[in-house]
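Have a look at the structure below, then the notes.
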Amino acid sequence: MKLPFRLIATLVLISLTGTFAYQAYWLTGLYGTMTHEMEKNIHEAMRMSDYREMMLRIKKMQRENGQHGSVEVQAGYEAGSENPVVSRDIKDDEGNRLRKDTLAPEESSAMLRSDNGLALILHDQGSTQALAGFIQRGIHSGIDLFSSPDITVYDSLLTLQLQEYGIRLPHHLEYFRTHTTPDSSQVFVDTLGRVQSAGYLPSKKAVRYDYTLNMSLSETYRLTMEPVDGLILKQMGGILATSLVILLILGFTFGYLVRTILRQKTLEEMKSDFTNNITHELKTPIAVAYAANDALLHFGLAEDRQQREKYLGICQEQLQRLGGLVEQILSMSMERRKSFRLHPERICLKTLFPTLIEQHRLKAGKPVEVALDIEPEELVLTADRIHLSNILSNLMDNAIKYSPAKAEIGIRCRKTESGQVEIAVSDHGTGIPADKLPHVFDKFYRVPTGNVHNTKGYGLGLFYVKTMTEKHNGNVSVKSEPGKGSTFTIRI
Ligand code: ADP
C-alpha cells in the first residue's frame, strides 16, 4: 500500500500548529483575565484599607471622647431648578446643631455631575458598588472633620490586604489633595503624607493606582508599584509548565509517528525491490543445478566418475547457495522465528573452515587470500552447523564483495575469558563510515553509495548474522574505518 505520506505530514503539521495556537490563545486570555483580576484586587484592597483605617479612627475617637455627634450630608437639586446643592449638617449628641455648611455651587455641581459623584446615586440606583463607594466617601467627609486620615495606618492595612491577595511587592504611597482655582484655570496639589517600603525607588515602568477618598473627589491615595506581570507569570508557572510539557509530549509523539511512517515507507519500498530481485536471484542456482542434473540424467555423464562428481559438486554448490538465500528470506519472517529451533552440535572449527574458504574462492571471481588463525588448533564450539556456516559465509561473502580487485581476508578464532568462542573476519576493503555503522545490522540496510551500484546485495546478510548469533545467545560487533577495512566479530 502506498502511504499518503504528504497528507499525513500536512495533517500532523496542521494539528500541531492548531494545538500550539490554541494553547497560546488560551494562555494569553488567561494572562489578561489574571491581570484584570489582580488590578481589581489592588483597587479593592485600597478601598477596604481606607474603610478599615476610618473604622479604627472612629473607634479611637469613641475611646478618647465621650461626646458623640452626627454629620448629615444632603445632596439634591434646588427645588424647581437644575442647580445642585450639597449641604453638611453637624450636630452634637443631644441633637443641637453645631454647624451647617452648604458647598459652593461649582463644588456641588462638580460633586453631583462627576461620574462617581452623586449623579450616579440619583440616576443609577442599581450600582451598588458605586453606592458603597459613595457612602464610604460620605462617611469620610464626616469623620475627616474631626480627625485626619492616618497614612501610616492606611499603609500597614494596605500592605496586609495586598499580601492577602498574594501581592507582595514593595510600594510607595502618597496622600495628596488637589485644589482648583474658581475659574478652573489652575490646579494645585498638596502632598499630605508619604510612606515608602524600605529602599524602594519606583522604576520608569512603575504603575500608579489612585483611590479618591472624599466626597468632593479632591483627596487621593496614590499607590505606586512595579508592574504585576512578574507576579502573574509566577502564579501561572504551573499552568505554563504543564502546557509546555503537553506540547513537548505532543511534538515528540508526532515526530516519532512521522519517523515511524517514514521508516515504514522506506521498508515497504525496500521490500518490494527485494522481492523483485530475489526472484531473479533464486532462478540462477535452480537453473544451474537443473542443467547439471539434466546432463547427468540425459547425456550419460553419470557413467564417467570424474564427470559425475564434477556435476554433482555443481548441484550441491547451487543447492547450498539456494539454501543460503532461502535462509535469508526466512530469517525475515516472524512466524518462522516463533517456531524456530536450533540443532546445536559440537563443531571443530579446524574442519569447518577449509570447505567454506574453498567455496568462496571458487565463486569469488577475483583472487582471494585467506589467513586462517585458530588458537588453540582444536577449538570447538557448540552451534547449529547450518546456521553457523551461513553466518560465516555471509561475513566472508561481504569481506570479498567489499574488497578491491584482490581480497585479503583474515579469520581469527579464539576462546574468550567468559568461555565463549570469538570468530573475527577482517578485510582491507572499502570500510564503513562511522555514522553508518549502527545501521549495518538493520533489515534491508545498505550503506548508500550514491549512483554507483557495482556490488549486489539486499541488505539482509548482516541482519541474518545478527539474528542468528543472538539465537545462539551470542552477539556480533563491527569495527571499521573507511578505506582501511572492516572487522566483524561474532561471539557464541
Ligand atoms: P548486502 O547484501 O548489501 O551486502 P549486508 O546486510 O550483508 O547486505 O550488509 C549491509 C551493508 O553493510 C552493505 O550494503 C555494505 O554497505 C556494508 N558492509 C557489510 N560488510 C561490509 C564489509 N566487509 N566492508 C564494507 N562494507 C560492508
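Hydrogens, waters and symmetry mates are skipped; everything else that's a heavy atom, side chains included, is used. Fair warning: this is a prediction, and the values are worked out from it, not measured in the lab. For ligands, and for the atoms within them, numbers begin at 1 and follow the listed sequence.
- Contact between Asn394 and ligand 1 is absent, with no heavy atom of the residue lying under 4.0 Å from the ligand.
- At a cut-off of 3.5 Å, with distance as the only test, no side-chain donor of Glu174 or Thr224 sits close to an acceptor on the other residue.
- Between the side chains of Tyr464 and Asn394, no donor-acceptor pair of N or O atoms lies under 3.5 Å.
- A salt bridge is defined here as a Lys NZ or Arg NE, NH1 or NH2 lying under 4.0 Å from an Asp or Glu carboxylate O, and Asp384 with Arg341 fails to meet this definition.
- Residue contacts with ligand 1 for Leu462 involve both N, CA, C or O and side-chain atoms from C-beta outward (heavy atoms, distance under 4.0 Å).
- Set against the non-hydrogen atoms of Gly461, the atoms of ligand 1 under 4.0 Å away are 5 (P), 6 (O), 7 (O).
- Of the protein's non-hydrogen atoms, the one nearest atom 11 (C) of ligand 1 is Tyr445 O, 3.8 Å.
- Distances between N or O atoms of Gly431 and those of ligand 1 include no value under 3.5 Å.
- Ligand 1 has Lys401 within reach: a non-hydrogen atom of the residue lies less than 4.0 Å from it.
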Determine, step by step, whether Gln23 and Ser243 satisfy the side chain to side chain donor-acceptor pair (under 3.5 Å) criterion, reporting the C-alpha distance in whole Å, the side-chain angles of both residues, the deciding distance to 0.1 Å, and the verdict.
CA-CA 7 Å; Gln23 285 262 345; Ser243 298; 3.1 Å; yes
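- Listed by number with element, the atoms of ligand 1 under 4.0 angstrom from any heavy atom of Val447 are 14 (O), 16 (O), 17 (C).
- Atoms of ligand 1 found under 4.0 Å from any heavy atom of Ser486, numbered from 1 in the order shown, are 22 (C), 24 (N), 25 (C).
- In this structure, Arg414 places its CZ atom where more than 12 heavy-atom neighbours from other residues, nucleotides or ligands lie under 6.0 Å away.
- In summary, the atoms of ligand 1 found under 4.0 Å from a heavy atom of Leu460, numbered by their order in the structure, are 6 (O), 8 (O).
- Using a non-hydrogen distance threshold of 4.0 Å, Tyr464 does not register as a contact of ligand 1.
- Considering both main-chain and side-chain atoms, Tyr402 comes within under 3.5 Å of ligand 1 through a nitrogen or oxygen pair.
- Partner of Val476 under the side chain to side chain contact (heavy atoms under 4.5 Å, CB included) criterion, chosen from Ile423, Thr469, Ile492, Thr489: Thr469.
- At a 4.0 Å heavy-atom cut-off, ligand 1 touches Ile432 through the side chain alone.
- Among all protein heavy atoms, the one lying closest to atom 3 (O) of ligand 1 is Arg446 NE, 2.4 Å.
- Aromatic ring pairs are classed by plane angle as parallel below 30°, tilted from 30° to 60° and perpendicular above 60°; the pair His387 and His472 is perpendicular.
- Close approach to Val440 involves these atoms of ligand 1, each under 4.0 Å from a residue heavy atom: 10 (C), 12 (O).
- Using a 4.0 Å cutoff on heavy atoms, Gly459 counts as a contact of ligand 1.
- Ring centroid separation for the pair His43 and Tyr209 comes in under the 6.0 Å cut-off.
- Relative orientation of the Tyr25 and Tyr22 rings is tilted, given thresholds of 30° and 60° on the angle between their planes.
- With ligand atoms numbered from 1 in the order given, ligand 1 contributes 25 (C) to contacts under 4.0 Å with heavy atoms of Thr430.
- Summary of contacts: the protein heavy atom closest to atom 7 (O) of ligand 1 is Asn398 ND2, 2.8 Å.
- Residue contacts with ligand 1, taken as heavy atom pairs separated by less than 4.0 Å, involve Phe488 solely via side-chain atoms from C-beta onward.
- Arg308 meets the salt bridge (charged side-chain N to carboxylate O under 4.0 Å, His left out) test with no other residue; sequence neighbours excluded.
- In the displayed structure, Tyr445 atom OH is contacted under 6.0 Å by more than 12 heavy atoms of other residues, nucleotides or ligands.
- Of all the heavy atoms of Asp427, the ones lying under 4.0 Å from any atom of ligand 1 belong exclusively to the side chain.
- Taking Lys401 as the reference, nothing meets the salt bridge (charged side-chain N to carboxylate O under 4.0 Å, His left out) condition, with sequence neighbours excluded.
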